[in-house]
Amino acid sequence: MHRLVCVHCAAEYPADQVIYTCSRCGHLLAVEYPLDEVSIDRSLWHRRPLSVWRYRELLPVSGQPVTLQEGGTPLYRLERIGADLGLPHLYAKHEGMNPSGSFKDRGMTVGVSMALELGMTSVACASTGNTSASLAQYAARAGIPAVVLLPAGKVALGKVAQALMHGARVISIRGNFDRALEMVHELCLSKGLYLLNSVNPFRLEGQKTIGFEAVDQLEGVPDRFVLPVGNAGNISAVHKGLNELLALGFIDRLPMMTGVQAEGSAPVARAIAEGLPEVVPELRPETVATAIRIGAPVNAEKALTAIRQTGGTATTVTDAEILAMQRDLARKEGIGVEPASAASVAGIRRLSEEGAIDRDERIVCVVTGHLLKDPETVIGQCEPPIEIDAAISSLLSALSS
Ligand code: F0G
């Protein structure tokens, strides 16, 4: 049976205890499986559809999950951008193709399923947007109420629309994401709602399947895995999952875990660049990529370990670099993503220009959310449509100008 283990002091807790942080030292908990005892038939995995639930032997849910058919996202080769950068083996895993349009659905199918198994009757999160959209959708699927806290004025329109339409109680706080997370954590502990931010160890279990799928799609382990980093849950989750595949002997090495942050909110990238033992929070995080506008990432300790243990790295990109890559992905590759998602590929452009990438590397960039999440940022970058009279002559002259 799996159990919860503190990532810092290794204290253990039963998996059916509702607990988010170690009661001994206050650090985060992770799900641990007795990997030497579980027997997994890999050919069985390969007979199941590519999805989060292909890997159910390495997930904590025992009964029928609350699902909207998440995962199974496409892995595209970036031929033109790869050619521009001199990187022939560059791929993007398009997590925007999940049910709510972001990778958060992988976590929520597991997290909301666990909420029901643990007997919880309501769920909550703080969010820069995508987590709230996903939680609202999966809570609706499960038939339980959801409360979401957002930083007022800093959440992309599509994400707010989703959270509202799927029936969550949406509350905007006059403060940033980091403060919203503190508040919702306190609310959950005092009022018994189930907390589904990435401090929740079960949610991250679902997200680790991004790595599993990429290994299956490439029929082998990539050399480098690149993720945009906000609260640093996703990079930690993918690393954890790949470590499990290594322990099971399904892969023979780990990819270099590589994190990308926006220049205005880059505590993890700074800690890596300066060799710090822990991150120094950014008190006023700012970036056009509002999804990763986070100054005090709660999973930073695990992310630093993931990057350092695998010989990976972290880098920053400017807002201009992020938006330029969002356009390149859209126009050169036909891949529509939101700004935070373009950060992973923008980070590879930056690193390859610095000579930090070997051209033979097989690189998987996770593009985390769909273009339609943030229509306002898109419209702001593009020429508006030309309005003409409904006459062929006007059409021809518009096209020739
Ligand atoms: N990309 C997108 C589109 C995101 O929404 C997020 C996080 C990340 C990357 C970073 O992932 O936090 O695991 O390092 N969004 C969270 C939210 C914070 O509330 O939707 P991370």
Side-chain angles (χ1 to χ4, degrees), residues 28 92-98 100-108 111 124-137 148-151 154-156 158-160 162-163 168 170 176-178 180-181 184 195-200 203-204 206-208 210 225-240 257-262 265-269 279 285 287-304 306-307 314 317 322 326 336-347 365-374 377:
L28 294 180
K93 187 147 174 69
H94 194 351
E95 288 296 299
M97 303 295 271
N98 274 296
S100 83
S102 86
F103 69 96
K104 305 288 181 179
D105 299 342
R106 293 181 186 271
M108 289 306 172
C125 72
S127 182
T128 57
N130 282 321
T131 302
S132 70
S134 184
L135 182 62
Q137 204 161 332
V148 307
L149 265 63
L150 307 177
K154 293 291 183 179
V155 177
K159 304 173 188 180
V160 183
Q162 289 177 291
V170 180
N176 64 20
F177 168 83
D178 304 296
L181 182 54
V184 80
L195 179 61
L196 275 165
N197 280 100
S198 56
V199 296
N200 183 303
R203 207 195 92 190
L204 291 183
Q207 289 175 208
K208 75 186 180 186
I210 297 174
F225 228 103
V226 192
L227 298 103
V229 172
N231 224 3
N234 212 29
I235 191 169
S236 311
V238 170
H239 176 245
K240 175 181 189 287
M257 299 303 295
T258 301
V260 184
Q261 295 201 289
S265 44
V268 172
V279 300
T287 167
V288 69
T290 51
I292 51 172
R293 184 177 170 273
I294 294 176
V298 291
N299 291 285
E301 182 181 358
K302 288 186 278 175
L304 292 179
I307 292 166
V317 285
I322 289 172
Q326 185 189 24
V337 303
E338 66 167 291
S341 314
S344 58
V345 193
C365 296
V366 182
V367 294
T368 41
H370 200 277
L371 177 132
L372 291 172
K373 290 283 189 173
D374 189 353
T377 302

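In listed order, ligands and their atoms are each counted from 1.
- Using a distance-only test at 3.5 Å, with no hydrogens or angles considered, a donor-acceptor pair links the side chain of Thr128 to the main chain of Ala291.
- Within 4.0 Å of ligand 1, protein heavy atoms come from Phe103, Lys104, Ser127, Thr128, Gly129, Asn130, Thr131, Pro228, Val229, Gly230, Asn231, Ala232, Gly233, Asn234, Ala291, Ile292, Ile294, Glu338, Ala340, Thr368.
- Under a 3.5 Å cut-off, the side chain of Ser134 and the backbone N or O of Asn130 do not form any donor-acceptor pair.
- Between the Asn231 side chain and the Gly233 main chain, no donor and acceptor come within less than 3.5 Å of each other.
- Partners of Ala269 under the side-chain contact (heavy atoms from CB on, under 4.5 Å) rule, at least two apart in sequence or in another chain, are Gln261, Ala266, Ala314, Thr316.
- A distance-only check finds a donor-acceptor pair linking the side chain of His94 to the backbone of Gly336 [under 3.5 Å].
- Here the side chain of Arg203 pairs no donor or acceptor atom with the backbone of Gly111 at under 3.5 angstrom.
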